[in-house]
2 protein chains.
Amino acid sequence: MTTMRAVQQQVHAKEDYDAFLAVCPSRQLLDRISNKWVVLILCALGGASPQTGASEGPRTMRYSELSRLLAGVSQKMLTQTLRSLERDGLLTRTVTPTVPVTVSYRLTDLGLSLHHLTREIRNWAQAHMGEVLAHRDDYDAVAS
Amino acid sequence: MTTMRAVQQQVHAKEDYDAFLAVCPSRQLLDRISNKWVVLILCALGGASPQTGASEGPRTMRYSELSRLLAGVSQKMLTQTLRSLERDGLLTRTVTPTVPVTVSYRLTDLGLSLHHLTREIRNWAQAHMGEVLAHRDDYDAVAS
DNA sequence: GTGGCTTCTTCCCGACGGGAAGTAGCTCTC
DNA sequence: GAGAGCTACTTCCCGTCGGGAAGAAGCCAC
């Protein structure tokens with residue numbers, strides 16, 4: 001089974017994926033990870049500290065922890081996004097039958113590799129916020 | 001005016017932006033750039049070749065070129081996304097009064113700095129497509 | 001057995017995005 | 001000079017996606 005998957009993976013890797021093509025699977029994958037909740041979840045589970053954005057390695061987080069950290073996410077979207085990330089092999093979902101039940105999420109190696117990119121996206125947003133705000137002021141001033 | 005903006009920018013840079021907070025401006029910026037059309041437009045204008053994903057420096061592209069390259073984008077979304085990127089100072093929009101009119105778009109330095117990240121996102125999607133597909137097969141097989 | 005805790009799931013509805021058609025300005029044809 | 005044609009939008013309609021709130025499941029404390 002594992003060998004079959006490895007072979008399948010190699011075959012897939014040999015294909016010429018082009019994310020610009022609407023029909024290409026990599027385009028659909030790109031569409032899915034270019035999503036604000038995906039980026040924020042990966043940032044959170046990667047262990048990035050809120051202020052520095054530095055990564056201290058993957059963290060195991062409970063559903064309620066994520067819900068609290070990602071201000072504004074609805075329960076529906078959080079659950080839905082976590083499930084799709086689990087399906088894609090980016091994170092693992094572990095249910096511990098305590099009372100009440102505990103569900104914890106943790107990045108896989110694959111998820112961690114993507115986390116490095118989303119972390120940089122987040123750092124970019126925080127670092128260039130001032131520039132962007134200044135440009136918006138200019139644009140709006142000219143437009144008015 | 002320019003000095004005022006520079007000062008404003010410094011002030012903004014000193015604040016502790018935290019993209020996890022829903023009210024933080026950097027969170028809204030992150031929400032905007034975590035968008036499939038934004039990522040694809042930045043990839044296209046950065047000059048990434050469809051197959052290798054390597055960047056050859058910023059390209060100037062016409063509206064129709066972008067429309068053709070980004071398969072599946074609606075005219076409405078393309079225009080809307082380009083406008084918001086222009087407003088944020090990530091690209092410039094140039095109208096040349098030829099007949100018919102020519103409108104060209106080009107990344108600014110700020111846009112180029114973000115392009116480097118989106119290009120890696122795209123490369124990641126294309127590189128790990130096989131792994132993700134394999135994980136999906138596993139997940140769906142277990143679920144059934 | 002009622003309330004409470006966590007992790008979802010379901011329902012309703014408003015907002016966002018796709019598709020197609022309409023617009024503007026100019027040029028070329030007939 | 002009326003109509004077609006070209007690019008780059010803009011507008012309208014409508015389906016789908018996402019937010020908000022309430023319900024469900026499973027178990028324990030009181």
Side-chain angles (χ1 to χ4, degrees), chain A residues 20-24 27-41 44-45 59-88 91-106 139 143, chain B residues 20-23 27-41 44-45 59-88 91-106 139 142-143:
Chain A
F20 283 127
L21 300 173
V23 293
C24 181
R27 163 65 171 275
Q28 287 151 31
L29 180 57
L30 188 63
D31 288 353
R32 195 164 284 183
I33 63 185
S34 302
N35 170 298
K36 60 177 178 177
W37 298 126
V38 169
V39 171
L40 282 172
I41 288 174
L45 286 174
R59 282 175 60 194
T60 297
M61 292 183 77
R62 298 188 54 174
Y63 179 87
S64 51
E65 275 185 282
L66 283 167
S67 183
R68 229 172 298 121
L69 184 57
L70 306 195
V73 69
S74 67
Q75 292 187 325
K76 187 173 87 172
M77 263 298 102
L78 183 55
T79 302
Q80 200 175 104
T81 308
L82 286 169
R83 284 290 151 78
S84 83
L85 291 177
E86 184 197 5
R87 187 168 101 101
D88 290 349
L91 53 79
T92 57
R93 176 175 178 270
T94 312
V95 180
T96 314
T98 53
V99 170
V101 67
T102 302
V103 181
S104 54
Y105 296 91
R106 186 182 184 80
Y139 187 92
Chain B
F20 283 126
L21 301 173
V23 292
R27 163 64 171 277
Q28 288 152 31
L29 180 57
L30 188 64
D31 288 353
R32 196 164 283 181
I33 63 186
S34 302
N35 169 300
K36 61 177 177 178
W37 299 126
V38 168
V39 171
L40 281 172
I41 288 174
L45 286 174
R59 282 176 61 194
T60 297
M61 292 184 77
R62 298 189 53 177
Y63 179 86
S64 52
E65 275 184 282
L66 283 167
S67 182
R68 228 172 298 121
L69 183 58
L70 307 195
V73 69
S74 67
Q75 291 186 325
K76 188 174 87 171
M77 262 298 103
L78 182 55
T79 303
Q80 200 175 104
T81 308
L82 286 168
R83 284 291 150 76
S84 83
L85 291 177
E86 184 198 5
R87 187 168 103 98
D88 290 350
L91 53 79
T92 57
R93 177 176 178 268
T94 312
V95 179
T96 314
T98 53
V99 170
V101 68
T102 301
V103 181
S104 54
Y105 297 90
R106 187 181 183 82
Y139 187 93
V142 171

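Chain A is the first sequence line, chain B the second, and so forth, proteins listed ahead of strands; every chain is numbered from 1.
Residues of residues 97-104 of chain B having a heavy atom closer than 4.0 Å to DNA chain C, listed by number: B/Val99, B/Pro100.
In terms of heavy atoms, B/Arg32 sits closest to B/Val38 at O-CG2, 3.4 Å.
Atom P of nucleotide D/dC9 and atom CG of B/Leu78 are separated by 8 Å, given to the nearest angstrom. Regarding B/Leu66, its CG atom lies at a distance of 10 Å from the P atom of D/dA8, rounded to whole Å. One can place CD of A/Glu86 at 14 Å from C1' of C/dT7, the figure rounded to the nearest angstrom.
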Might you list the N or O atoms of the protein lying below 3.5 Å from N or O atoms in nucleotides 9-19 of chain C, with each pair's distance?
unit_1: C/dT9; atom_1: OP2; unit_2: A/Arg83; atom_2: NH1; d: 3.4
unit_1: C/dG18; atom_1: OP1; unit_2: B/Trp37; atom_2: NE1; d: 3.2
unit_1: C/dG18; atom_1: OP2; unit_2: B/Ser74; atom_2: OG; d: 3.4
unit_1: C/dG18; atom_1: N7; unit_2: B/Lys76; atom_2: NZ; d: 3.4
unit_1: C/dG18; atom_1: O6; unit_2: B/Lys76; atom_2: NZ; d: 2.4

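Under a 3.5 Å cut-off, the side chain of A/Thr96 and the backbone N or O of A/Thr98 do not form any donor-acceptor pair.
Separation of atoms NZ (A/Lys36) and CD1 (A/Ile41) is listed at 12.0 Å; rounding is to 0.5 Å. For the atom pair OH (A/Tyr105) and CZ (A/Arg59), the distance works out to 15.5 Å, reported to the nearest 0.5 Å. Distance check, rounded to the nearest 0.5 Å: CZ of A/Arg27 to OG of A/Ser34 gives 9.5 Å. Distance check: B/Arg106 CZ to B/Met61 CE gives 12.0 Å after rounding to the nearest 0.5 Å.
For the OP1/OP2 pair of C/dT7 and a distance below 4.0 Å, the side-chain nitrogens and oxygens of A/Tyr105 include no atom meeting the criterion. In this model, the phosphate group of C/dT7 is not approached by any side-chain N or O of A/Arg68 to a distance below 4.0 Å at OP1 or OP2. The phosphate of D/dA8 (OP1 or OP2) has a side-chain N or O of B/Arg62 nearer than 4.0 angstrom.
Residues A/Arg62 and A/Val103 form no side-chain contact, since every pair of their non-hydrogen atoms from C-beta on lies 4.5 Å or further apart.
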What pairs of donor and acceptor atoms, side-chain ones from residues 67-82 of chain A against any protein atom, are under 3.5 angstrom apart with sequence neighbours left out?
unit_1: A/Ser74; atom_1: OG; unit_2: A/Met77; atom_2: N; d: 3.2
unit_1: A/Thr79; atom_1: OG1; unit_2: A/Tyr63; atom_2: OH; d: 3.2
unit_1: A/Thr79; atom_1: OG1; unit_2: A/Gln75; atom_2: O; d: 3.0
unit_1: A/Thr81; atom_1: OG1; unit_2: A/Met77; atom_2: O; d: 2.6

